[in-house]
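First comes the structure, then the notes that go with it.
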Amino acid sequence: MAKTIEGLYYSESHEWVRVEGEYGYVGITDHAQQAMGNIVYVDMPEEGDEVEKDSDFGAVESVKAASDLIAPISGEVVEVNEALADAPELINKDAYENWIIKVKLSDASELEDLMNAEDYAAFCENEH
Amino acid sequence: MEENLKKTCLYDKHVALGAKMSPFAGFMMPIEYSSIIDEHTAVRTTVGMFDVSHMGEIFVSGPDAERFVNHIFTNDVKGLEAGKVLYGMMLYPDGGVVDDLLVYRMTAENTWLLVVNASNIDKDVEWICGQTEGFDVKIDNASERWGQIALQGPKAEEIAERVLDMELSDLAFYTFKEITWYDAPLIASRTGYTGEDGFEFYAAPEVIVRLWDILLTDAHVKPCGLGCRDTLRFEAGLPLYGHELSPEISPIESGLGMFVKMDKEEFIGKEAVLKQKTEGTTKKVVGIELKEKAIPRAGYEVIADGRTVGVVTTGYHTISTDRSVCTALVEKAYSALDTEVEIKIRKKLFKAVVCKKRFYDKKYKK
């Protein structure tokens, strides 16, 4: 069973956001990493790039295929997780520990469109 | 949609092993059991076992069988001895590929076995039956009466001989034997689709289930899904129908001319491929290596001189050799080794260079 964590915000395209003050850390969910299998490459934006809610900002690639990363929130990328450049498989080890980008939130109200852990778990259940 | 998917005789085994199942060629097939990387590595270093029962088995028999097979097949089967296997294609008159397949010369008189891609079974049977005029042959699509297991990897021979109690070391690459195993007929063939030594076993579904169970009792035998079957065949430079061969990509364009015997008197498509061979083709399937870490995927564009000059047919970050590489169908002018091109991945262009399309040296039994 895929894991969820209380307190995170989840999108229908299987990204999560962890809010710390005016910043949001964004990654992909455990459900997403399980579905993808071995992750071998993460195509990340650069610091200073703007991401826009519901637009793609990069991709996570498994052995088999590329999956677009869709921004769950808008804002400026203030940091990317450089560790993933050399070790993309960290996402397979722990999808919630290994965030992909840190964003300065431009509109915190966007978080209201996202799901909580319980709703996201139910959403994944219904997807099958 | 899902209810129309077929199951192989090993479906329940895959589910019990917790495989990730997915539709492929009309069948629910295992994509991976543990992980593609683990399974790929097992085949390269020890041994892996694949359910390939979805593949098609078509028997051709009758007084004109040899002449008929030679009419529809690009390789030359004339005088082929029982126990030998040949790889080749069936072509349309324009040189496009109906399918690529293995042809087995069986011991039974005038009997041949054609092993075809699962996705093409219906199309192939229709095509083959449509070519029989003037030939005294019988076509029998036995695909549902035969299952198939591929055991692949450097330890395949040792483990299969010990666990299955079969003598296999006498088989050379691309030969097979018809044996009786647990009172049932079984074909043991030294062939495969991974670039490693190994065997493909054909038998009735209930025999295949027994073979699977017995092989799994050996701790070294790792069940492997179709995910790593593709990464393995790709690294070894082996084509996949629909990617490197298709109605639009001829064997000449794909660099597989050695399986097309122009000295044969005739075969369907000969005129077209002979023309391609003598006059040259406008396109060619090549290998391309990216200079940066990004992954080319099927369908991505190959760019040079500011325009699209080709398309990626298969691409991976290779597991055995840690390179971002692909095969691509490109215009002839950009097909020479070391030609600089770019590949468009999402919104960015990545520098790349044309290279050999064999990314891993095959380790077949001599």
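Worth knowing before you read on, the calculation uses all heavy atoms, side chains too, and leaves out hydrogens, waters and symmetry mates. It should be emphasised that the depicted structure is a prediction, and the values quoted were computed from it without experimental measurement. To find a chain, count down the sequence lines: A is the first, B the second, and so on, and within it residues start at 1.
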With a 4.5 angstrom heavy-atom cut-off, could you sort out which part of B:Phe234 is near chain A: side chain, backbone, both or neither? neither
Honestly, the part of B:Thr231 sitting under 4.5 Å from a heavy atom of chain A is side chain
Taking B:Lys347, B:His317, B:Arg297 one by one, which has the highest count of heavy-atom pairs under 4.5 Å against chain A? B:Arg297
B:Asp38, B:Ile319, B:Ile295: which one forms the most heavy-atom pairs within less than 4.5 Å of chain A? B:Ile295
N/O donor-acceptor pair under 3.5 Å between A:Asn38 side chain and B:Ser35 backbone: no
Is the number of heavy atoms from other residues, nucleotides or ligands within 6.0 Å of [atom1] ([X]) greater than 12?
{"X": "B:Lys222", "atom1": "NZ", "value": "yes"}
{"X": "B:Phe359", "atom1": "CZ", "value": "yes"}
{"X": "A:Glu118", "atom1": "CD", "value": "no"}
{"X": "B:Lys363", "atom1": "NZ", "value": "yes"}
{"X": "A:Glu79", "atom1": "CD", "value": "yes"}
{"X": "B:Lys362", "atom1": "NZ", "value": "yes"}
{"X": "A:Lys102", "atom1": "NZ", "value": "yes"}
{"X": "B:Lys356", "atom1": "NZ", "value": "no"}

A:Asp56 versus chain B, heavy atoms under 4.5 Å apart: side chain, backbone, both or neither? both
Under 4.0 Å between a Lys/Arg side-chain N and an Asp/Glu carboxylate O for [X] and [Y]?
{"X": "A:Lys64", "Y": "B:Asp230", "answer": "no"}
{"X": "A:Glu61", "Y": "B:Arg346", "answer": "yes"}
{"X": "B:Lys293", "Y": "A:Asp86", "answer": "no"}

Please step through side-chain contact (heavy atoms from CB on, under 4.5 Å) for the pair A:Gln34 and B:Lys20, ending with a clear verdict. CA-CA 10 Å; A:Gln34 277 186 17; B:Lys20 200 178 279 180; 5.6 Å; no
Smallest heavy-atom separation, A:Ala66 atom then B:Tyr300 atom, equals CB-OH, 4.0 Å
A side-chain contact here means heavy atoms from C-beta on lying under 4.5 Å apart; do B:Glu32 and A:Val63 qualify? no
Within a strict 4.5 Å, meaning less than it, do heavy atoms of the A:Val40 and B:Ile37 side chains meet? yes
